[in-house]
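As structure tokens, the structure follows; a few thoughts come after it.
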Amino acid sequence: MLIQNLRKRLSDEILLLLKNSSGENEGSLNDKVMQITLTIPKNRDFGDLCTNAALVLAPVLKKPPLKIAEDIKRHIISAWPEAAGANVAAPGFINFFISRDYIIKNLEGIAIKKDDYGRNEHGANTKLQVEFVSANPTGSLHIGHGRWAALGDSLSNIFASNGFDVCREYYINDFGSQAAKFSLCLASLYLRSFGQNTQYPEDGYPEDLVKSVVDQILQEEKLPEGAGFKGSYLKNKSAGSFKTSSEYARPELIDSMVDIGAIGRRGIEIMINRIAVTLKSMNVQFDEWFYESSLYKNAGFEKTIKQLEKENIIYAKDDAIWFKAAQYGDEKDRVVIRSGGEPTYFASDIMYLINKAGRGFKRLIYILGADHHGYIKRLHAIGKATGFNERNIEVIIGQLVRLVQKGQPVKMSKRKGNVYMLDDLLKEVGSDAVRYFFTANSFNTPMDFDLDLAKQKSNKNPVYYIQYAHARIANIIDKVRQGFAAGELDFDSNELRLPDKWSDNFEDVFTALISENTFKNPNLKSEQEVGLAKMLMLYPDVVYDACICREPYMINQYLYRLAGLFHYFYKHHRVIDAKKLNTGRFKLVLLVRIVLANALKILGVGAPERM
RNA sequence: GCGCCUGUAGCUCAGUUGGAUAGAGCGGUGGUCUACGAAACCAAUGGUCGGAGGUUCGAAUCCUCUCAGGCGCGCCA
């Protein structure tokens, strides 16, 4: 983390300087020093890095910024080996250039760290949980869930790369009224398949979806040789006894005929498996699938209520039990137990948070859609009331995805059935493009998803631009292998060692090339080569910044820039020129591949050898 | 009515906790392949940062007001 380290050093050195020379108290000095930035200027003429230190310090030191800038500049030139030169620009910026030697020397570290290049230990192994997607198990994932899946997984990868101990968790709402309704729908159609006319629940889930689940259940309990079904979920096992019945069974009758709870549990399992398959097909895998119902096992609910009563954070009013949310920063108090005695969804939220704390997580990340932003205060209130530092409960509110077709926004409505399913999107656009697209913007930006564009112009997707860079490198490696095998490759064997035997597996070949060679001082001449090396050097800072900002799109953006530099380099400089291999460039290209692969992995996007 | 988010090039978006001449991609325009893959490269074009005030050395960024859009304000989940 070059920038991060230099900024820290700059601040430290200035602080030391000020303590001796100025009469200011330490607190206000610290505040001032915190305002010092060290950034990459937009304009190349202003050097590789620039700082506003002199401008920030001018009011404290009561000296003209230009004068201060000169002093700092002299200090940087004499004390920093990373800096090749510096200059001062009005009104008081200090610009400096990173030393070429330093950049080239840095390359060795990339080869040594390889897959770990970009990682840091900022998280200090803190146990952190990211909860995301958590869509109800009563339907398939739609296009909107795709954004949370991509965002949550990439963000988890970023946390992991910053040294956090990350758990990706999916919360399954299998307890409340929605799950009950789903179970009833299942039971209703299940009975039909045994000849009973049943009334399908009013405002039930789409019948074709429920039927597909029932069909799967029947498939599982099919008896051999066409003997029908086991009917394991019937309360009266004499299957077929309904055949003469002409009466429609009402919901309450269904209850007497089918074990609704059992078939519901099985149905939800089936739905969860389907969801998991969808997510896996976009490279998202959860560490934990947490069932809401498990919170209520072993009298968990009763125990929690008792505990909350004892701590005086719930109270009774209007036959219901209320949580004193307002006292902990929420807008109003929230019901925990309805007047009918049923726990609310909020009751689960409380227990779930306590459960998370009990599992040792020090930091909780919730990724929610903008339609849930009212949750933030509620969750913080729970934290505050139960003793979990609310600062460690982070709710990331992602703006919603709007479907656009022919330039017009499409209202997504589950009832109208014009919901676009994630599975369909993945099939049409491909996982890589979907993953890249969904993290390409800040989560804070409402996203317009243009279906026509995604389908037709998927070749123009920036993800292919990046992957193409990777494929080109793989191709260079292959060309080197072929040329070497044919004995036609001309190269300096003091500079580069090539393996005697080449594996068929690209990764093995690559590992061999990296481990058998030294990257201490590759011969790089042109500005583009050094520029590319400089870009590689900045990668760890990007991983760190993406973590601090919780923004995966910074990785997307970096990848795009890196690919751009590479393509330019590739066009203007030949690695293999008429059978003559330029070893310095070849080494550089190998290192570019490491960074491309590492960054793509964070985004869950493939790094293809061919396209 | 109250709260959260957004408004930057024709379109989709960046703009690094206030920094220097506001940047990319796509679309459109004009160029580049007997040379490691042209899914690439180069050039030119494109802007009243929704609007109005204010804060200061300096504002797309912070404050106030205002206009427009999205979302949320249940003993639903």
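In the text below, chain A, chain B and the rest are named by the order of the sequence lines, each starting its count at 1. Just so you know, these numbers come straight off a predicted model, no measurement behind them.
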Worked check of side-chain hydrogen bond (donor to acceptor under 3.5 Å, both in side chains) between A:Gln467 and A:Tyr436: CA-CA 11 Å; A:Gln467 289 183 316; A:Tyr436 188 90; over 6 Å; no
Steps toward side-chain hydrogen bond (donor to acceptor under 3.5 Å, both in side chains) verdict (A:Gln528, A:His573): CA-CA 9 Å; A:Gln528 286 79 27; A:His573 305 276; 3.1 Å; yes
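No side-chain donor from either of A:Gln178 and A:Asn173 sits under 3.5 Å from a side-chain acceptor of the other. For the residue pair A:Asp174/A:Ser293, the side-chain donor-acceptor check at 3.5 Å is satisfied. Judged purely by distance below 3.5 Å, without hydrogens or angles, the side chains of A:Glu169 and A:Tyr352 pair a donor atom with an acceptor atom. Judged by distance alone, the side chains of A:Ser348 and A:Glu292 do bring a donor and an acceptor atom under 3.5 Å apart.
In this entry the distance linking CD of A:Glu529 with C1' of B:C36 reads 15 Å, nearest Å. Whole-Å rounding puts the A:Tyr560 OH to B:A39 C1' distance at 11 Å. If you take NE2 of A:His470 and C1' of B:A39, they are 16 Å apart, rounded to a whole angstrom. The distance between atom CD1 of A:Ile397 and atom P of B:C71, rounded to the nearest whole Å, is 15 Å. When the P atom of B:A24 is taken as reference, atom CG of A:Asn556 falls 18 Å away, rounded to whole Å. The CZ-P distance, from A:Phe46 to B:A20, rounds to 8 Å in whole Å. What separates NZ of A:Lys479 from P of B:C36 is a distance of 8 Å, to the nearest Å. Regarding A:Ile466, its CD1 atom lies at a distance of 13 Å from the P atom of B:G25, rounded to whole Å.
Between the A:Lys181 side chain and the A:Pro201 main chain, no donor and acceptor come within less than 3.5 Å of each other.
Secondary-structure annotation of RNA chain B gives the stems B:1-7 with B:67-73, B:10-13 with B:23-26, B:29-32 with B:40-43, B:50-54 with B:62-66, with a stem taken as at least 3 successive Watson-Crick or G-U pairs whose two distances both fall under 3.5 Å.
Every residue two or more places apart in sequence or in another chain that forms a ring pair (Phe, Tyr, Trp, His ring centres under 6.0 Å) with A:Tyr465 is listed here: A:Tyr560, A:His567. In this structure, the salt bridge (charged side-chain N to carboxylate O under 4.0 Å, His left out) partners of A:Arg585, at least two apart in sequence or on a different chain, are A:Glu529.
In this structure, A:Tyr570 does not pack face-to-face on the six-membered ring of B:A40, missing the 5.5 Å centre cutoff or the 30° plane limit.
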Collect all protein-nucleotide pairs involving nucleotides 41-45 of chain B in which both atoms are nitrogen or oxygen and the distance is under 3.5 Å.
from	atom 1	to	atom 2	distance (Å)
B:C41	OP1	A:Tyr465	OH	2.3

Kindly give the atom pairs (protein nitrogen or oxygen, nucleotide nitrogen or oxygen) under 3.5 Å for nucleotides 73-77 of chain B.
from	atom 1	to	atom 2	distance (Å)
B:G74	O5'	A:Lys332	NZ	3.3
B:C75	O2	A:Ser339	N	2.8
B:C75	O2	A:Ser339	OG	3.0
B:C75	N3	A:Ser339	OG	3.2
B:C75	N4	A:Asp318	O	3.0
B:C76	OP2	A:Arg338	NH1	2.4
B:C76	O5'	A:Arg338	NH1	3.4
B:A77	OP1	A:Arg338	NH1	3.2
B:A77	OP1	A:Arg338	NH2	2.6
B:A77	OP2	A:Tyr345	N	3.2
B:A77	O2'	A:Asn136	ND2	3.4
B:A77	N6	A:Tyr375	OH	3.1

Sequence-aligned protein contact record of nucleotides 8-18 of chain B, with B where the base is within under 4.0 Å of a protein heavy atom and S where only the sugar-phosphate is: ----SSSSBB-
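Shortest non-hydrogen contact noted between A:His470 and A:Glu609 is ND1-N, 4.5 Å. The two residues A:Leu496 and A:Lys587 have their closest heavy-atom pair at CD1-CE, 4.1 Å.
For the P atoms, the distance linking B:U8 with B:G15 amounts to 14 Å, nearest Å. On the C1' atoms, B:A60 is 5 Å away from B:C49, given to the nearest whole Å. When the C1' atom is compared between B:A43 and B:C62, the two are found 40 Å apart, to the nearest whole Å. With both ends at atom C1', the span from B:G74 to B:A68 equals 29 Å, rounded to whole Å. Distance check on atom C1': B:C67 versus B:U32 gives 48 Å, rounded to whole Å. Comparing B:U56 with B:G50, their C1' atoms sit 25 Å apart, to the nearest whole Å. Nucleotides B:C63 and B:U6, compared at atom P, are 12 Å apart to the nearest Å. Separation of the C1' atoms belonging to B:G69 and B:A77 is 27 Å when rounded to the nearest angstrom.
To the nearest 0.5 Å, atoms CG (A:Asn120) and CG (A:Asn162) are separated by 4.0 Å.
Taking the six-membered ring for Trp, A:Phe46 and A:Phe93 have ring centres at least 6.0 Å apart.
Ring geometry for A:Tyr375 versus A:His372: interplanar angle over 60°, hence perpendicular rather than tilted (30 to 60°).
Taking syn as a glycosidic angle within 90° of 0, B:C41 does not qualify and is anti.
A cation-pi arrangement, defined by a distance under 6.0 Å to the six-membered ring centre and an angle within 45 degrees of its axis, is present between A:Arg593 and A:Phe510.
Heavy-atom nearest nucleotides on RNA chain B were determined for A:Lys377 and for A:Val575, and the one closer to the 5' end corresponds to A:Lys377.
Looking at heavy-atom distances under 4.0 Å, A:Leu581 makes no contact with the nucleic acid at all. Across all strands, A:Asp174 comes closer than 4.0 Å to no nucleic acid atom at all (heavy-atom distances). Residue A:His573 is in base contact, counting any heavy-atom pair closer than 4.0 Å across all strands shown.
A salt bridge links A:Asp448 to A:Arg402: one of the charged nitrogens lies within less than 4.0 Å of a carboxylate oxygen.
With distances taken from any side-chain atom of A:Gln399 to the nucleotides B:G70, B:G19, B:A20, the minimum falls on B:G70.
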